[in-house]
A.B. asks: 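Quick one: this structure, given as structure tokens, is what I'll be asking you about.
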Amino acid sequence: MATPNEWAVSCRDLAGRRRDLTVFISSGRVVLVAPPGEAAVLEPLDVGRLRAALRDAVVAVGDQASRE
């Protein structure tokens, strides 16, 4: 994780190569970045991690909004 408001979720592409989905916040919005030109294939545990990252991002956006 590069910043406190950025989360990485492991996944694989359709060819089985390891990739990451990235979740971050920008200008009060949640941004989800998939592997470039790829589909993300998630195992059930990874879906739970994605859910947690999205939840954390929404909480961070709410925290930023309340400070403004």
Side-chain angles (χ1 to χ4, degrees):
M1 284 182 236
T3 67
N5 292 324
E6 183 175 313
W7 301 265
V9 178
S10 297
C11 64
R12 294 193 181 269
D13 64 15
L14 290 174
R17 297 173 294 218
R18 291 182 183 266
R19 298 286 189 245
D20 285 321
L21 288 169
T22 304
V23 177
F24 67 95
I25 59 174
S26 176
S27 301
R29 294 188 172 136
V30 176
V31 181
L32 176 62
V33 180
E38 301 284 348
V41 180
L42 301 170
E43 296 291 330
L45 183 59
D46 296 325
V47 172
R49 290 181 178 131
L50 176 59
R51 178 179 172 263
L54 290 169
R55 181 196 63 233
D56 292 346
V58 169
V59 169
V61 166
D63 289 346
Q64 283 184 353
S66 67
R67 283 187 245 129
E68 294 175 353

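Nothing here was measured: the structure is a model prediction, and the numbers come from that model.
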A.B. asks: Would you say Val30 ends up clustered with Leu32 if hydrophobic residues are merged whenever their side chains have heavy atoms under 4.5 Å apart, either directly or through other cluster members?
C.D. replies: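 Linked within one cluster.
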
A.B. asks: Counting only heavy atoms not in Glu38, do more than 12 sit closer than 6.0 Å to its CD atom?
C.D. replies: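 Yes - once you tally the heavy atoms of other residues, nucleotides and ligands closer than 6.0 Å, there are more than 12.
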
A.B. asks: Where do Ala57 and Ile25 come nearest, in terms of heavy atoms and distance?
C.D. replies: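 Shortest heavy-atom contact: O-CG2, 3.5 Å.
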
A.B. asks: For the residue pair Asp13 and Pro35, establish whether any side-chain heavy-atom pair is separated by less than 4.5 Å.
C.D. replies: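 Side chain of Asp13 against side chain of Pro35, heavy atoms only: no contact under 4.5 Å found.
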
A.B. asks: Which heavy atom of Arg19 sits nearest a heavy atom of Arg17, and at what distance?
C.D. replies: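 In terms of heavy atoms, the two residues are closest at NH2-NE, 3.2 Å.
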
A.B. asks: So how far is it from Leu21 CG to Asp46 CG, rounded to the nearest 0.5 Å?
C.D. replies: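 Interatomic distance, Leu21 CG to Asp46 CG, rounded to 0.5 Å: 9.0 Å.
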
A.B. asks: Under 4.5 Å between side-chain heavy atoms, counting indirect links through other Ile/Leu/Val/Met/Phe/Trp/Tyr residues: same cluster for Val61 and Leu54 or not?
C.D. replies: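 Yes.
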
A.B. asks: Looking at every heavy atom in both Asn5 and Gln64, which two are closest together, and how far apart are they?
C.D. replies: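 Heavy atoms of Asn5 and Gln64 come nearest at ND2-NE2, 3.6 Å.
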
A.B. asks: Show, in sequence, the C-alpha distance, side-chain angles and deciding distance for Asp56 and Val23, and conclude whether the side chain to side chain contact (heavy atoms under 4.5 Å, CB included) test is met.
C.D. replies: CA-CA 9 Å; Asp56 292 346; Val23 177; over 6 Å; no

A.B. asks: Between Val33 and Leu42, is there a shared hydrophobic cluster once you connect ILVMFWY residues whose side-chain heavy atoms come closer than 4.5 Å?
C.D. replies: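 Not linked; separate clusters.
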
A.B. asks: To the closest 0.5 Å, what do you measure between CZ (Arg12) and CG (Asp20)?
C.D. replies: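 Here the interatomic distance stands at 11.0 Å.
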
A.B. asks: Between Ala60 and Trp7, what is the shortest heavy-atom contact and its length?
C.D. replies: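 The pair with the smallest heavy-atom distance is CB-CH2, 4.3 Å.
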
